[in-house]
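The chains referred to below are lettered A, B, ... by the order of the sequence lines, with proteins before strands, and numbering in each begins at 1. The model shown is predicted, which means the values in this text are computed figures rather than measured ones.
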Number of protein chains: 2
Amino acid sequence: MLVAVDCIIFGFDGKELKILLVQRHLEPELGKWSLMGGFVQPEENLKQAAARVLTLLTGLTNVYMEELLSFSEPNRDPVERTLSVAYFAFIDINKYEQQLSTEYHAEWFPLANFPKLIFDHNIMVQKAKARVQYKAAFHPILFELLPAKFTLPQLQSLYQGVYDVTMDKGNFSRKVLSTGLLVKQAEKDKASSKKGAYYYKLDKRKYNANFHAVLNIIPNPDTLYI
Amino acid sequence: MLVAVDCIIFGFDGKELKILLVQRHLEPELGKWSLMGGFVQPEENLKQAAARVLTLLTGLTNVYMEELLSFSEPNRDPVERTLSVAYFAFIDINKYEQQLSTEYHAEWFPLANFPKLIFDHNIMVQKAKARVQYKAAFHPILFELLPAKFTLPQLQSLYQGVYDVTMDKGNFSRKVLSTGLLVKQAEKDKASSKKGAYYYKLDKRKYNANFHAVLNIIPNPDTLYI
DNA sequence: TCAAAAGTGTTTAAAGTACACCCATGA
DNA sequence: TCATGGGTGTACTTTAAACACTTTTGA
């Protein structure tokens with residue numbers, strides 16, 4: 001059996017969640033959109049394979065990445081039986097190297113509206129979306145989508161985009177700051193308002209130490225499904 | 001590459017969590033303890049393979065089962081490169097068919113104290129334990145370990161065993177009953193006390209409908225790790 | 001000077017916790 | 001009758017939600 005990995009790569013453009021797709025340059029399904037994937041090599045494990053594939057497409061290393069699920073229907077690949085283990089990844093969309101996108105015919109699509117993909121890749125994306133919504137309700141993973149310095153309104157807009165809700169800024173601010181994970185900067189971002197919003201940075205030490213801890217940022221997480 | 005599944009099978013004997021292990025009857029590692037596993041067959045997907053393996057060992061079907069993670073180090077199996085996807089399962093320990101245990105040289109071991117296993121199976125069990133603790137803090141999966149009729153003290157003892165904590169019976173009872181998932185029976189279990197404790201059954205309809213909903217049964221879930 | 005977005009404060013409601021108390025019953 | 005485990009009630013604390021209010025500043 002062939003063994004492959006596929007990557008659901010998420011980015012955030014300030015307004016909505018996006019996923020990075022590639023246009024296949026080989027048969028079958030040449031020219032159709034698909035997730036970036038690749039076969040596992042003899043000397044690597046699956047996580048390394050996924051990281052390698054992600055680096056090929058984005059130029060980025062040390063990216064947040066997590067195993068999603070395996071996809072194993074006997075005839076999911078019409079040519080030869082292939083097991084694929086899907087990984088999802090969060091990248092800072094600004095760090096993404098544009099020149100690679102032409103090489104791989106890659107393009108960002110809104111998670112809310114992207115084309116039909118090959119094989120079972122649409123299901124992979126759907127499962128990844130659900131997993132992200134679930135996990136981000138309890139763990140501070142969405143910071144991985146933002147640049148090193150970000151404002152609370154930016155962060156709130158990200159959360160609102162992920163869950164398609166509007167949140168009270170006062171309560172949001174209090175919840176997020178009460179985690180102790182953010183460090184206020186002296187500087188302000190004046191781009192999106194007259195008053196300007198303070199920049200914050202992640203406290204890397206606390207972030208790494210508390211990453212697994214369960215937070216509670218989303219109202220009514222009991223409506224989430226995994 | 002060979003593709004296999006391995007099953008971490010959990011049971012509850014009324015006092016502590018247990019896992020079902022088998023003694024290998026083939027080389028390599030003949031005679032050593034291991035998880036029950038098997039290779040994926042041409043006409044089945046991984047979940048079906050895991051279910052088949054579980055049925056072989058326990059005689060049970062329609063068992064709660066969930067994909068854990070893939071295990072893919074190139075030399076995890078010294079004979080030939082084998083990818084294994086681990087699944088964990090919950091069974092009612094009383095329904096387990098004893099006669100199969102002799103056939104497969106199977107035995108229940110306390111999760112808190114079980115032998116060294118082959119390959120990376122110890123890591124699989126460790127990951128499964130963490131996942132169970134995580135998931136059971138938010139979802140009512142532990143009911144799968146109990147018989148159809150059970151008492152609140154039994155359920156509390158299960159939760160206490162899984163998290164190695166003691167909980168207030170009043171608060172526990174209120175929380176569990178507030179989910180609306182339990183139906184009180186007229187009958188009492190008089191085995192473990194003079195007064196006797198009422199039996200409860202799961203409301204199957206509500207259980208299936210609300211299974212994914214996030215409950216909040218465990219105090220301080222923010223100390224959990226996934 | 002005023003609209004617009006950032007940030008703070010306050011009131012109210014809900015949820016969680018600790019713990020005291022009552023109940024039923026077999027030895 | 002009394003020790004034991006089951007079950008209920010209540011006061012208190014913590015957390016969350018709603019929303020009003022103040023601040024800043026460029027147009």
Chemist: Would you mind telling me which of dA6(C), dC19(D), dG16(C) lies closest to the side-chain atoms of S192(A)?
Modeler: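 Between dA6(C), dC19(D), dG16(C), the one nearest the side chain of S192(A) would be dA6(C).
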Chemist: Does the D203(B) side chain pair with the main chain of K206(B), one donor and one acceptor, at a distance under 3.5 Å?
Modeler: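 Side chain of D203(B) to backbone of K206(B): a pair is present.
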Chemist: Given atom NZ of K184(B) and atom C1' of dG6(D), what is their separation to the nearest angstrom?
Modeler: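 It is 10 Å, rounded to the nearest whole Å.
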Chemist: Want to settle it: does R174(A) or A197(A) sit nearer the 5' end of DNA chain C, counting the closest nucleotide to each?
Modeler: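 The residue mapped nearer the 5' terminus is A197(A).
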Chemist: For Q156(A) and dG7(C), give me the distance from atom CD to atom P, rounded to whole Å.
Modeler: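 Atom-to-atom, Q156(A) to dG7(C), this comes out as 11 Å.
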Chemist: Could you tell me how far apart K188(A) (NZ) and dT23(D) (P) are, to the nearest whole angstrom?
Modeler: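 Nearest whole value for this atom pair: 13 Å.
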Chemist: Between dA16(D), dG7(D), dA18(D), which nucleotide gets closest to the side-chain atoms of K175(A)?
Modeler: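 Of the candidates, dA16(D) comes closest.
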Chemist: Whole Å only: how far is the CZ atom of F150(B) from the P atom of dG6(D)?
Modeler: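 The answer, rounded to whole Å, is 15 Å.
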Chemist: NZ of K169(A) versus P of dC21(D): gap in Å, rounded?
Modeler: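 For the pair K169(A) NZ and dC21(D) P, the rounded distance is 14 Å.
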Chemist: Check every atom of dG7(C), dA18(C), dT25(C) against the side chain of N171(B) and return the nucleotide holding the closest atom.
Modeler: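 Out of dG7(C), dA18(C), dT25(C), the nucleotide with an atom closest to N171(B)'s side chain is dA18(C).
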Chemist: Got a second to check how far C7(A)'s SG is from L20(A)'s CG, nearest 0.5 Å?
Modeler: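 Here the rounded value is 10.0 Å.
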Chemist: On DNA chain C, does the nearest nucleotide to T151(A) precede the nearest nucleotide to S193(B) from the 5' side, or the other way round? Give the residue.
Modeler: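 That would be T151(A).
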Chemist: Any sub-3.5 Å donor-acceptor pair from Y163(B)'s side-chain atoms to A137(B)'s backbone N or O?
Modeler: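 Such a contact is found between Y163(B) side chain and A137(B) backbone.
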Chemist: How long is the line joining OH of Y198(B) and P of dC23(C), in whole Å?
Modeler: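 After rounding, the gap between these two atoms is 14 Å.
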Chemist: NZ of K194(B) versus P of dC22(C): gap in Å, rounded?
Modeler: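 About 20 Å, once rounded to whole Å.
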Chemist: Fit a plane to each ring of F143(A) and F150(A), take the angle between them on a 0 to 90° scale, and name the class: parallel (under 30°), tilted (30 to 60°) or perpendicular (over 60°).
Modeler: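 Geometry flag for F150(A) against F143(A): tilted rings.
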Chemist: So what does K190(B) hit on the nucleic acid, given a heavy-atom distance under 4.0 Å: a base, only sugar-phosphate, or nothing?
Modeler: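 Here K190(B) touches the backbone only, sparing every base.
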Chemist: Decide yes or no, distance alone: a donor-acceptor N/O pair under 3.5 angstrom between the base of dA6(C) and the side-chain of K195(A).
Modeler: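 By the distance-only test, yes, there is a pair.
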